[in-house]
Amino acid sequence: MTRGAAVTAALALATTMAIGITPSHAATTLTMIAADYPGDGHTQQDQWNDFATRFHAANPDITVTVTVKSWNDIDQYVATQIASGQTPDVVNKGDYSAPAAAGLLYPASKIVSPSTLADILPTFLNNSKYNGVVYALPDLASARALFYNKDLLAQAGITKLPTSWLSLTTDLGIIHRKLKGVYGYAIPLGPEEAQAEFNIWAGGNGGTYYDYAAKKWVLNSPANIATATYLKSLVSKGYTEPNPDKCDRTACAQALFAAGKAVFINGSVFLGSWLTANGGSKINVGTGSFVSNSGHKPVTLGVQDYFTAYNKNGNQAAIQKWMDFIYQPDNYAKFLTAAGGFIPATKSAGAKAASNPALAPFIKLLPNAVFYPGDIASWNSVKGQIQQGIGQAVTGNPAAVLGQLETAALAAK
C-alpha cells in the first residue's frame, strides 16, 4: 500500500467510526463472474450492471462488480483469478463439484435465505449436491430437442421424421442428393459445447460419460465408440457440415440453421429466440424427439447451470443479500429474459412458465432428462477435455481418440 493510500484508508476508517458505523458494517465489495448466455458481449453485462446499481441503492454498504465472460473463456478465467489470489465471491457458470470438493464453497443454505431456498425446485437442487450437501444453486435449466426446417424437409420430399439411425441416414442421403448447398445435419462438436452434442448422440445408443455403478469414467465404452463411428460415417458422406470438430454451436451450427443451410439441428430451449434475433425469424421450425439407434430409446439432455459462492473472502452475509435479490421474482424474470429464454429453476417462476407455449414442451421433458455427472469432482476437468477433443473422434480414429480421453479422465482431479 502506498503512503497516500494508507492515509486515505485511515481517514476513511476514522470517518466511519466517527459516524457510529462499526467495522462489521463497513462497506463491502462483492465480485462476481458470470457466463454470457446470449453470447453478444453486452446484453447480460447490461442486465448485471442494472442489478448491481439497484442493489447498491437498496444496500448502500454493499457494492457488487460483475464481470461477464464468454462460455469459451469463463472456466479458465475463474481458475486464473483463484490462482492469482483474486477469488471471486460469486460465480455463475456450468459446474460446482471441484470447488466444493476443495472446500472453497459456502453450502447453499448460507447462500440464500430459507424462503428463497424453499422456492427452488427439488429436481435441480438434487443435481447440485456434493457428498449429499447442496453446494450450488441452479440459475436456470434447459432441455434439448430435435429442431428441423419444415420447408427444406418438404422440398426433399420427406414427410415424416426419422425414428432410428438407419432411417436418419436414408433421409440425410435424400437431402444430400436433392438439396444442393444444404447440409442434412449440423453437428457442432467444436469446443463451445461438444460435451452436450456428443452426450445426446451417445445417450441414444446406450452410452454415457460416467458409470455410477462401476464408479468410473467410461468415455471409450463400446457404445460411445460406436456412436463416434456412426457420426464419422455421416461426416464422410457429406451429410453434415465439414470439420464438425471445429464447428461451435452458436457461430457455426445455429448460424447454418438460421441461414437455411441445415435441415436438422439438436437445439436448446432458447434456440427459437436466438433465431429471431439472428436472421432466422423466417425459418419454418419444427421440433421433435431425438433420433436413437435401433434398440435404444432417445434421451433428452437436461442442462442446468449454477450460482456458487466462495468462502475465502468471508462475505457470507452480503452474498446472501445479493443472491436473495437476484431470486426476487421480478429480478429473476429479467435474468431469464436477458439470458435468452430458459427454463426457470424456481417453483414460482416455473408455474408461470408452464403456460408459455415456447417453454411448456421442454418443461415436460425435464423429469425424464439425463444430466451431466456434475456431482463428480473431476467433471469440470473432464468436460474441458471432452470439449477440446471429442470432435476429433468423428474426424479421426474414434477408438483412439476416445481412448485418449478416457486415460485423461481417469487421471483428472
Side-chain angles (χ1 to χ4, degrees), residues 144-190 192-194 196-205 207 224 226-268 271-272 274-275 278-294 296-301 390-396 398:
R144 306 300 166 94
L146 175 68
F147 285 72
Y148 61 96
N149 186 314
K150 291 182 178 180
D151 294 337
L152 290 179
L153 208 61
Q155 289 176 34
I158 298 171
T159 58
K160 61 180 182 179
L161 293 177
T163 57
S164 69
W165 284 3
L166 181 61
S167 60
L168 174 62
T169 304
T170 299
D171 287 348
L172 294 179
I174 294 171
I175 293 167
H176 184 65
R177 291 190 298 273
K178 290 188 174 183
L179 304 181
K180 300 304 180 183
V182 174
Y183 301 115
Y185 221 121
I187 300 179
L189 289 170
E192 181 182 4
E193 209 178 29
E197 184 71 17
F198 192 81
N199 203 148
I200 292 166
W201 288 97
N205 194 38
N224 287 350
T227 299
T229 301
Y230 172 69
L231 293 177
K232 182 177 181 179
S233 73
L234 300 184
V235 175
S236 65
K237 293 173 182 175
Y239 295 171
T240 76
E241 79 284 4
N243 302 316
D245 58 323
K246 296 180 175 62
C247 180
D248 280 335
R249 179 194 67 190
T250 306
C252 175
Q254 290 181 186
L256 286 171
F257 192 76
K261 297 297 184 181
V263 177
F264 293 107
I265 187 174
N266 296 337
S268 184
L271 181 57
W274 186 92
L275 290 171
N278 290 275
S281 59
K282 295 183 179 179
I283 300 294
N284 188 7
V285 178
T287 60
S289 175
F290 290 127
V291 183
S292 60
N293 197 8
S294 299
H296 298 280
K297 293 182 179 180
V299 302
T300 297
L301 177 65
I390 207 161
Q392 297 163 31
V394 305
T395 58

Inset, instruction - Considering non-hydrogen atoms only, spot the tightest contact between Leu152 and Asn149 and give its length. - result: N-OD1, 3.0 Å
Legend entry - Side chain proximity check, Ser164 to Ser294, heavy atoms < 4.5 angstrom: yes
Legend entry - Shortest non-hydrogen contact from Tyr183 toward Pro242: OH-CD, 3.3 Å
Inset, instruction - Tell me, yes or no, whether the heavy-atom count around Lys232 atom NZ, taken from other residues, nucleotides or ligands under 6.0 Å, exceeds 12. - result: yes
Inset, instruction - Measure the OG1-CG distance between Thr300 and Leu146 for me, rounded to the nearest 0.5 Å. - result: 11.0 Å
Inset, instruction - Answer yes or no: is there a side-chain heavy-atom contact under 4.5 Å between Gln254 and Asn278? - result: no
Legend entry - Heavy-atom side-chain proximity of Ile187 to Cys247 below 4.5 angstrom: no
Inset, instruction - Nearest 0.5 Å please: distance from the CD1 atom of Ile265 over to the CD atom of Glu197. - result: 7.5 Å
Legend entry - Where Ala194 and Leu189 come nearest, the two heavy atoms and their spacing: CB-O, 3.6 Å
Legend entry - Minimum side-chain heavy-atom gap Phe147-Leu275 below 4.5 Å: no
Inset, instruction - Apply side-chain contact (heavy atoms from CB on, under 4.5 Å) to Asn243 and Asp245, showing your working. - result: CA-CA 5 Å; Asn243 302 316; Asp245 58 323; 3.8 Å; yes
Legend entry - Exercise: identify the closest heavy-atom pair between Pro188 and Glu241: N-OE2, 4.1 Å
Legend entry - Thr250 backbone acceptor or donor facing Glu192 side chain under 3.5 Å: yes
Legend entry - Distance-minimising heavy-atom pair for Arg144 and Ala196: NH1-CB, 3.7 Å
Legend entry - Interatomic spacing from NE2 in His176 to OG1 in Thr240 - rounded to 0.5 Å: 10.5 Å
Legend entry - Over all atoms of both residues, closest heavy-atom pair of Gly204 and Ser292: O-CB, 3.3 Å
Inset, instruction - Would you indicate whether Leu166, at its atom CG, is surrounded by more than 12 heavy atoms from other residues, nucleotides or ligands within a distance under 6.0 Å? - result: no
Inset, instruction - Output, in order, the C-alpha distance, side-chain angles, deciding distance and verdict of side-chain contact (heavy atoms from CB on, under 4.5 Å) for Trp274 and Phe257. - result: CA-CA 11 Å; Trp274 186 92; Phe257 192 76; over 6 Å; no
Legend entry - From Asn266 atom CG to Phe198 atom CZ, the distance as rounded to the nearest 0.5 Å: 12.5 Å
Inset, instruction - With rounding to the nearest 0.5 Å, note down the distance linking OG1 in Thr229 to CG in Leu234. - result: 11.0 Å
Legend entry - Approximate separation, where rounding is to 0.5 Å, of Ile175 CD1 and Leu153 CG: 6.0 Å
Legend entry - side chain to side chain donor-acceptor pair (under 3.5 Å) assessment of Thr169 paired with Tyr230: CA-CA 10 Å; Thr169 304; Tyr230 172 69; 2.9 Å; yes
Inset, instruction - Mark yes or no for whether Glu193, through its side chain, and Asp248, through its backbone, hold a donor-acceptor pair below 3.5 Å. - result: no
Inset, instruction - Using a 4.5 Å cut-off on heavy atoms from C-beta on, say whether the side chain of Val235 contacts that of Leu231. - result: no
Inset, instruction - Indicate yes or no: at least one non-hydrogen side-chain atom of Tyr239 is less than 4.5 angstrom from one of Phe264. - result: no
